[in-house]
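Nothing here was measured: the structure is a model prediction, and the numbers come from that model.
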Amino acid sequence: MATAPTTGEAPQTAPAGDERRARTTRSARQLARAVLRLARRALRSAWAARPRGRVRLIDVLRLLGLARRAVPQAVVGPKAYPQWWQRLLALVALAGLVVAIGFVLAAAVGIMVVVAGFLLENAIS
C-alpha cells in the first residue's frame with residue numbers, strides 16, 4: 001500500500017471559515033430582502049386603506065374603546081324579534097352548555113369519591 005508524500009499543507013475536507021461565513025451572510029441578506037419586501041407591501045396596502053378624511057383624536061379613542069360610542073338605534077317592526085334559526089341556535093348552545101357542565105360536575109364527584117376511597121383504604125390499613 002503506497003502513501004502519498006506529505007506536502008505540509010492541511011487537507012481541505014471541510015469548507016473554509018470564509019466560505020461558510022459567505023454562505024451565512026448570503027442567506028441573511030436574502031432573508032432581510034424578503035422581510036423588507038413584505039414590509040413595503042404591508043405599508044402600501046395600509047396607505048391605500050387609510051381613511052380619506054381627517055382623523056380626529058376622539059375617533060381613535062372610540063376605536064380603542066376609551067371614549068363613549070353612539071348607542072345603536074333600537075330595531076323596531078317585524079325584525080325586532082329573533083329569527084327562528086337564532087332561537088334554534090340558542091337552544092342547541094344551551095343544551096350543549098348543560099351537558100358540558102353536567103360532565104364536569106360528574107367528573108368532579110367521581111374524582112372526589114375515588115380520592116375519598118383511596119384515603120379511607122390508607123387510613124384503615
Distance-minimising heavy-atom pair for I58 and A67: CD1-CB, 3.8 Å
Smallest heavy-atom separation, R68 atom then R62 atom, equals O-NE, 2.9 Å
First locate atom [atom1] of [X], then atom [atom2] of [Y], and finally report the distance between them rounded to the nearest 0.5 Å.
X	Y	atom1	atom2	result
R44	R40	CZ	CZ	7.0 Å
L31	R29	CG	CZ	13.0 Å
R26	R23	CZ	CZ	8.0 Å
R20	T25	CZ	OG1	12.5 Å
R41	L36	CZ	CG	11.0 Å

For E121, does the CD atom have more than 12 heavy-atom neighbours from other residues, nucleotides or ligands under 6.0 Å away?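 It does not: E121 CD has 12 such atoms or fewer within range.
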L97 side chain reached by I101 side chain, heavy atoms, under 4.5 Å: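 Sidechains of L97 and I101: in contact.
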Same cluster for F118 and V113 if Ile/Leu/Val/Met/Phe/Trp/Tyr side chains link at under 4.5 Å?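 In one cluster: no.
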